[in-house]
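Report on the structure given below.
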Amino acid sequence: MLGFKPLEYRQTANTIVILDQTQLPEKEMYKHLKTVDDVYEAIKSMKLRGAPLIGIAAAYGIVLTAHSNELESILKAADYLESARPTAVNLSWAIKRMKDVAAKSKNLFEGLLKEAQAIEQEDRSACQYIGQYGSELVKAHAKIMVHCNAGALATAGIGTALGIIYTAESQNKNPVVYACETRPLLQGARLTSWELTKNRIKTYVISDNMAATYMPEMDLAIVGADCIALNGDTANKIGTRGLAIIARYNNVPFYVAAPLSTFDFSIETGADIPIEMRSEDELRKFNNKKIVADRAGIYNPAFDITPADLISGIVTEKGIIERPDRTKIERLKNSGLNKYL
Ligand code: MRU
C-alpha cells in the first residue's frame, strides 16, 4: 500500500531524496538534499516534518558530512541540525545516537551510515507494532478523529496514529476518518487527506472549529506526539489539547500513538517541554495574501501540551499504557526494553 516514500537516502550519490510536503496535495515533488544546510533548511521550512521523520533526516544529514572523517565537523553539523526544531524530541534523540557512534567509530562514514539505517529501520518496525496494538482499539466502521499528520509522511513506516488506521483497514474494519485541517499550516487538510485517500481510506476534512460539533459522533480520537514527559503530559500539534478536552466532555476515548523515541524521561512534566514558536507570517498571510491587520499582534506556537489525565492511553511499540501516569511510564523506562533509555 502507501505508494510513496517521504525520505530515501541514496548511498551512491550520498544524497537524501525527500518528498516536498509543502507542495502537497497539489504536486508530488521530490527534492535532493546534498548538504547539511539543505537538510537544516528542509526541516526548518517543513518540507519534511513529523517527529520521527525529522530525527531520521537529521541522522542521514550527519551521514552527508561523514566522508570527511573529521569528528569535529561532524559534531558541529549535528549541533546545527539539532537547532532546527526544538519540540520533537526524536530529533535530539537521533542526534545523540549519531554523536555516540561518531565518538567511538574508526570509520566514521560506515559507523554513522549503519546507525542512521538502524534508526530508520527501528522506526519502521515501531510503526508496525503501534498499528497492531492500536488496531485493537478500533471497532468495525469506527469513526475516528485525527489531528495534524501522524502518518506515513511523518515516519519511516506506516505512521503512528494513521498506522493504527491503516492496520484497522487491513483487518477489514473500514474506519472512517475525520481529519482536523490543523491551522495554520494545514497538515490535516493537505497531508492527512492526501495519504489516507491515496490509500482508499474514507476521509472527511473538517475545519478545526468543527471538532466540537463532530466529536459526539466519534468512537475514538487518535493523535501523534512530539514529546512525552515522564508523567505522561504530551506535546503535539497546536490544537491537540483542545481536542482532548472536547473528547473528555463527550466521553470519547482519546489516545496518543508514539514510539519510545518520543518519550523524554528527563522531562518531569509538560511544563518543561520547550514549545517551538514559529514565524508570525504563517498566520498573518494565507496563500500569500495578508489576512491580519498590520497592527494586530500574533501568537504562533507550533505545539501545545495535553495533560496526562486527559489521555485515555498511549499506544507504543511495546504495548498500550492505559491512563498514563508517572508510575507506569517509569516502569516502561526501567523495563530495559530500549537500550537508549
Ligand atoms: O509541525 P509538524 O507538522 O512537524 O507536527 C507534527 C505533529 O504534531 C505530529 O503529530 C507528530 O510529530 C507525530 S508524527 C508521527
Side-chain angles (χ1 to χ4, degrees), residues 6-7 18-22 24 42-58 84-94 119-120 122-124 126-131 134 145-166 179-192 194-196 208 221-228 234-244 254-264 270 273-279 282-283 300-306 311 314-317:
L7 180 151
I18 61 157
L19 175 55
D20 182 349
Q21 300 193 24
T22 60
L24 291 172
I43 295 175
K44 185 98 192 153
S45 63
M46 295 173 60
K47 291 184 177 63
L48 66 97
R49 30 67 52 206
L53 194 69
I54 62 178
I56 295 161
R85 295 194 72 190
T87 303
V89 71
N90 309 61
L91 178 58
S92 45
W93 172 86
I119 291 170
E120 181 183 2
E122 285 168 33
D123 185 60
R124 189 169 300 125
C127 289
Q128 286 301 130
Y129 281 107
I130 288 170
M145 194 173 286
V146 300
H147 192 60
C148 194
N149 174 267
L153 282 169
T155 64
I158 58 172
T160 56
L162 300 192
I164 294 173
I165 287 160
Y166 291 129
C180 296
E181 64 173 350
T182 318
R183 283 280 292 145
L185 296 183
L186 305 171
Q187 291 93 327
R190 294 186 303 105
L191 308 178
T192 293
W194 181 79
E195 68 161 271
L196 287 179
D208 297 328
I222 318 175
V223 298
D226 282 76
C227 183
I228 302 174
T234 293
N236 191 48
K237 180 53 56 194
I238 191 79
T240 300
R241 180 192 176 97
L243 273 196
F254 183 89
Y255 280 83
V256 169
L260 293 188
S261 53
T262 303
F263 287 74
D264 189 333
I273 297 176
I275 298 291
E276 174 184 5
M277 297 299 289
R278 292 190 61 87
S279 155
E282 290 178 355
L283 269 161
N300 188 18
F303 302 96
D304 60 20
I305 305 293
T306 301
I311 299 172
I314 304 177
V315 186
T316 75
E317 66 271 42

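In each ligand, atom 1 is the first atom listed, and ligand 1 is the first ligand listed. In what follows, every heavy atom counts, from backbone to side chain, and hydrogens, waters and symmetry copies are set aside.
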TODO: For the residue pair R49 and N149, confirm or rule out a side-chain donor-acceptor distance under 3.5 Å.
DONE: yes
Pairs under 3.5 Å, nitrogen or oxygen of ligand 1 with protein nitrogen or oxygen:
| residue | atom | partner | partner atom | Å |
| --- | --- | --- | --- | --- |
| ligand 1 | 1 (O) | R85 | NH1 | 3.4 |
| ligand 1 | 1 (O) | R85 | NH2 | 2.8 |
| ligand 1 | 1 (O) | K237 | NZ | 2.7 |
| ligand 1 | 3 (O) | R49 | NE | 2.9 |
| ligand 1 | 3 (O) | R49 | NH2 | 3.2 |
| ligand 1 | 3 (O) | Q187 | NE2 | 2.9 |
| ligand 1 | 4 (O) | G50 | N | 3.0 |
| ligand 1 | 4 (O) | R85 | NH1 | 2.9 |
| ligand 1 | 8 (O) | D226 | OD1 | 2.9 |
| ligand 1 | 8 (O) | N236 | OD1 | 3.0 |
| ligand 1 | 8 (O) | K237 | N | 3.3 |
| ligand 1 | 10 (O) | N236 | OD1 | 2.7 |
| ligand 1 | 12 (O) | A51 | N | 2.9 |
| ligand 1 | 12 (O) | D226 | OD1 | 3.0 |
| ligand 1 | 12 (O) | D226 | OD2 | 3.2 |

- [ ] Mind listing the closest non-hydrogen atom pair of R278 and A302 along with its distance?
- [x] CD-CB, 3.9 Å
Open item on the list: Main chain of L153, side chain of E195: is a donor-acceptor contact present, judged purely on distance under 3.5 Å?
Closed with: yes
TODO: Answer with yes or no whether the side chains of T234 and N236 bring together a donor and an acceptor at under 3.5 Å.
DONE: no
TODO: Output all residues satisfying salt bridge (charged side-chain N to carboxylate O under 4.0 Å, His left out) with R85, sequence neighbours left out; order by chain, then residue number.
DONE: E276
Open item on the list: Using every non-hydrogen atom in the two residues, find where I238 and P301 come nearest and quote the distance to one decimal.
Closed with: CB-O, 3.5 Å
